[in-house]
Amino acid sequence: MHLYLERNHISLGIMPMLSLKDKLNPKQYEAVACPPGPLLIFAGAGSGKTRVLTYRIAFMIKQLGINPGEILAVTFTNKAAQEMRERLLKLLDMEYLPLLVLTFHSFGARILREYYEVISYKKNFSIYDEDESIGIIKGICKDLQIEEGGLKPSAIKHYISRAKDEMIDPVEYAESANLHRQKIIGQIYIEYQKRLRLHNGFDFDDLIYWPVKIFDGHPDILQFYRRHFKHLLIDEYQDTSISQYQMVKHLAGEHKSVTVVGDDDQSIYGWRGADITNILNFERDFPGAKVVKLEQNYRSTQNILSAASALIANNLGRKSKALWTSLGEGQRIKVIECSDAESESLSLVEQLTHLRKSEGLKYSDFAVLYRTNAQSRSLEDGFRTSGIPYIIVGGLRFYERMEIKDILAYLKILVNPDDNISTQRIINVPRRGIGDVSIDYIANYSRERNLNLLTGCYHATEGKVDGIPAPKIKEFTKIIDKLSKLIDSGEPLASLLAKIIELSGYEASLVAEATPQSETRLDNIKELVDGAAEFENRTPDATPEQFLEEVALITDMDRRDPNSDAVTMMTLHGAKGLEFPVVFITGLEEGLFPLIRDGQIAPKDLEEERRLMYVGMTRAQRHLYLTHCRYRRHFNRSFFGKASRFLSEIPENTLDDAYVDLKPISNRPKTKLREGRYEFEAEPKRSFAIGADVYHQKFGYGVILGIEGNGENEIVTISFSSVGRKKLMVKMAGLKPA
DNA sequence: GCCGATTATCTTTTT
DNA sequence: GATAATCGGC
Ligand SMILES: Nc1ncnc2c1ncn2[C@@H]1O[C@H](COP(=O)(O)OP(=O)(O)OP(=O)(O)O)[C@@H](O)[C@H]1O
């Protein structure tokens with residue numbers, strides 16, 4: 001084997017073996033270079049699984065001479081796909097790679113773009129997001145007069161999604177339903193699938209479900225894909241669902257060149273249908289599979305690794321994995337107790353500021369992680385007031401914003417007129433005097449005649465729909481007419497969107513509103529046009545449908561700009577696969593993390609929370625901080641007091657005791673004035689800004705953390721490198737800017 | 001019937 | 001602390 005490779009390298013003169021062996025340890029190399037066939041790389045955090053996967057692709061292309069077009073690489077997020085592609089380009093020293101690196105969902109969408117006909121769908125289908133899917137379910141509950149029996153539409157959607165993950169079709173689901181609740185869901189599921197088809201739309205789960213169905217029923221199509229993609233490589237295999245697994249099985253076919261990498265301890269998407277048995281049963285599913293275990297961690301120091309390993313050892317029934325590092329003991333983990341969320345944020349600022357200076361780190365070397373998106377609000381406050389650059393990734397996505405979805409809805413119905421969901425969305429946006437009652441009339445009229453809603457609108461302009469004054473609806477159809485002409489004449493995407501914004505009256509209505517909110521909305525829709533222009537540049541012969549598809553599947557994670565120096569704030573889920581020199585895991589309170597609803601948590605859910613903690617801890621390279629608060633306002637009331645059980649599962653000897661139980665700083669009294677109906681926070685003149693570096697004669701250098709009082713009574717909280725936190729009167733302290 | 005404004009509700013994690 | 005159901009004025 002080695003001989004063969006050596007010879008190849010010499011004759012081809014590319015990707016010298018030396019560099020490959022330089023960059024991989026023997027185990028990793030074994031995985032990278034083993035001949036195509038079923039291969040499982042099963043290993044703990046930071047052991048280089050993703051790296052091995054990437055190198056294996058490069059190896060296949062350069063050393064084995066495999067045509068890149070025959071390789072299909074699947075990642076968990078679009079961002080991960082993009083990163084892997086970039087790394088491959090660099091490794092192979094190429095500018096263009098005809099190789100597919102994408103998510104299961106993107107891949108499924110591509111299959112459907114080719115073969116929508118065999119499942120009786122039409123061209124230019126829409127892809128519905130979670131909100132739109134739930135909207136359809138709400139409509140069904142209303143129309144069918146189904147008493148949901150306390151089931152919320154979002155809960156119903158969840159059950160339907162899980163069914164699709166398990167490839168259970170609506171009729172099957174309804175027939176096997178035993179409980180009353182399941183029967184109701186089955187009924188809704190049947191109607192939901194019907195309506196999706198009627199609107200020529202798919203939900204996220206359909207993007208896997210239908211391609212698998214197509215493969216099930218059409219051996220010829222399956223054969224085509226098998227011939228095309230002879231080598232499959234899948235990252236984060238522990239978080240694949242049953243439907244995704246079936247897709248892999250289908251595609252693997254006889255050739256069975258399937259490389260999967262994963263770590264059962266990092267499975268954190270069970271709630272979304274991920275099935276850990278996929279990875280645990282790989283050897284059974286693919287007889288003769290080679291298994292490579294990687295044990296050296298290249299990311300974290302020993303303290304961090306020991307702590308994470310001890311924590312995850314509390315889970316039962318896992319496959320234990322050895323993990324070691326040569327990076328040394330490193331710093332101990334610091335636990336910080338704070339009085340409330342506000343002081344938690346300030347503590348982060350304090351630690352970050354010191355560490356940045358003492359270690360010469362960049363802001364982008366830091367990550368702040370949390371369990372729920374809602375926590376980002378209080379966390380960002382301290383950063384904002386201290387002027388520390390940060391970026392929140394995840395949460396509300398750009399393309400999920402109301403104004404963006406409104407504009408895109410216009411584009412969607414131009415592309416897919418059957419998309420009643422989008423028609424309904426913008427028929428009266430901006431307001432043109434067509435209320436809910438009128439829309440209902442047109443909707444009923446349309447349904448009775450098997451027309452889509454848009455066609456119904458045209459009928460209404462001819463006075464065919466009772467109770468609808470033609471002129472108002474004509475205002476709407478005229479806009480659609482004009483836009484249709486533009487799209488038919490091949491108007492470029494960005495200018496088409498600009499026309500939508502103008503002709504729909506959307507822009508005018510926002511300008512007229514003239515509030516701070518309408519201003520940002522205006523900015524956002526302009527950014528949308530810019531984004532479309534950028535998309536056109538990147539993919540010159542792209543169609544509007546392709547743009548809509550990209551927009552439907554893109555994650556907000558892409559917003560992390562590698563060139564800007566900012567602290568990253570994101571959920572623990574979002575941090576999967578990433579690494580940072582310094583990681584703060586926040587909100588470690590019993591109830592919040594682990595997250596517990598209605599006072600109870602199932603053992604398997606608790607284990608998933610623990611895996612999430614494990615994922616979070618193992619993102620850290622050199623410094624790990626864990627914070628928790630004594631009090632936290634959850635939403636309306638309710639506060640936690642107890643520290644998370646996870647903290648007690650971390651061995652004492654990996655913790656820095658100097659920071660255990662740090663005294664909480666007192667709450668800054670908020671000076672709030674009421675004036676009319678608006679609330680202002682007083683912003684008096686300050687001698688120093690929060691975050692400023694200062695010098696004190698006795699205490700030395702420090703950073704301003706907080707400021708209270710005014711003029712003569714101005715008091716600053718300063719964190720000094722020498723003595724820690726102090727409160728001083730500005731008048732007396734004789735502070736100098738440092 | 002439509003619209004703007006006020007009240008109630010509810011908040012995990014995401015492709 | 002943002003969105004959805006509800007209310008009262010036009
Ligand atoms: N042989 C090696 N030599 C030097 N650095 C390595 C080696 N293998 C991996 N690394 C580095 O270790 C870090 C972790 O690698 P990678 O992200 O591939 O691990 P992983 O197993 O996918 O991690 P996780 O499962 O925790 O996301 C990366 O910074 C990578 O560059």
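Chain letters run A, B, ... following the sequence lines, proteins first, then strands; residues in each count from 1. Quick caveat: nothing in here was measured; it's all calculated off a predicted structure.
Between B:dT13 and A:Asn373, a contact under 4.0 Å exists linking OP1 or OP2 to a side-chain N or O. Residue A:Thr571 places no side-chain N or O under 4.0 Å from the OP1 or OP2 atom of B:dT12.
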Polar atom pairs (N or O), protein with nucleotides 1-4 of chain B, under 3.5 Å:
unit_1: B:dG1; atom_1: OP1; unit_2: A:Tyr441; atom_2: OH; d: 2.7
unit_1: B:dC2; atom_1: OP1; unit_2: A:Gly435; atom_2: N; d: 2.9
unit_1: B:dC2; atom_1: OP1; unit_2: A:Ser438; atom_2: OG; d: 2.5
unit_1: B:dC2; atom_1: OP2; unit_2: A:Val437; atom_2: N; d: 3.4
unit_1: B:dC3; atom_1: OP1; unit_2: A:Gly433; atom_2: N; d: 2.8
unit_1: B:dC3; atom_1: OP2; unit_2: A:Asn428; atom_2: ND2; d: 3.2

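Nucleotide B:dT14 holds its P atom 18 Å from the CG atom of A:Leu207, rounded to whole Å. As rounded to whole Å, 13 Å separates atom P of C:dG1 from atom CD of A:Gln375. Following rounding to the nearest Å, A:Tyr245 (OH) and B:dT15 (C1') show an atom-to-atom distance of 22 Å. With rounding to whole Å, A:Asp239 atom CG is found 16 Å from B:dT13 atom P. If you measure from atom CZ of A:Arg272 to atom P of B:dT13, you get 13 Å, rounded to the nearest angstrom. Put simply, CD on A:Glu403 is 10 Å from P on C:dT3, counting in whole angstrom units. Rounded to an integer number of Å, the gap from CD of A:Gln517 to P of C:dT3 is 9 Å. Following rounding to the nearest Å, A:Ile134 (CD1) and C:dA4 (P) show an atom-to-atom distance of 11 Å.
Under a 4.0 Å N-O distance rule, the pair A:Arg538/A:Glu550 qualifies as a salt bridge.
No engagement by A:Glu608 is indicated, since no non-hydrogen atom pair under 4.0 Å with the nucleic acid exists.
Applying the side-chain contact (heavy atoms from CB on, under 4.5 Å) criterion to A:Asp275, with sequence neighbours excluded, gives A:Ile242, A:Thr277, A:Asn278. The side-chain contact (heavy atoms from CB on, under 4.5 Å) search around A:Gln266 returns A:Ala45, A:Lys49, A:Gln238, A:Asp263, A:Tyr614, A:Val615, A:Arg619, not counting sequence neighbours. With sequence neighbours excluded, no residue forms a side-chain hydrogen bond (donor to acceptor under 3.5 Å, both in side chains) with A:Tyr209. Listed by chain and number, the residues in a side-chain contact (heavy atoms from CB on, under 4.5 Å) with A:Gln375 are A:Tyr370, A:Arg371, A:Thr372, A:Leu379, A:Thr586, A:Leu592, A:Arg632 (sequence neighbours excluded). Legend: residues meeting side-chain contact (heavy atoms from CB on, under 4.5 Å) with A:Glu114, ordered by chain and number and at least two apart, are A:Tyr225. Every residue two or more places apart in sequence or in another chain that forms a side-chain hydrogen bond (donor to acceptor under 3.5 Å, both in side chains) with A:Asp239 is listed here: A:Ser267, A:Lys576.
Judged by ring centres under 5.5 Å apart and planes tilted less than 30 degrees, A:Trp271 stacks against the six-membered base ring of B:dT13.
Within residues 102-114 of chain A, the residues approaching DNA chain B are A:Thr103, A:His105, by heavy-atom distance under 4.0 Å.
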Where do A:Arg447 and A:Asn444 land on the side-chain hydrogen bond (donor to acceptor under 3.5 Å, both in side chains) test, with the steps shown first?
CA-CA 5 Å; A:Arg447 199 176 8 247; A:Asn444 287 332; 3.0 Å; yes

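Checking A:Glu130 against A:Glu609, the closest nucleotide of DNA chain B that is more toward the 5' end is the one next to A:Glu609.
Pairs passing the salt bridge (charged side-chain N to carboxylate O under 4.0 Å, His left out) check and including a residue from residues 463-476 of chain A, sequence neighbours excluded, read A:Glu462-A:Lys464.
Contact of A:Arg597 with B:dT12 (side chain to base): a donor-acceptor pair of N or O atoms is detected under 3.5 Å.
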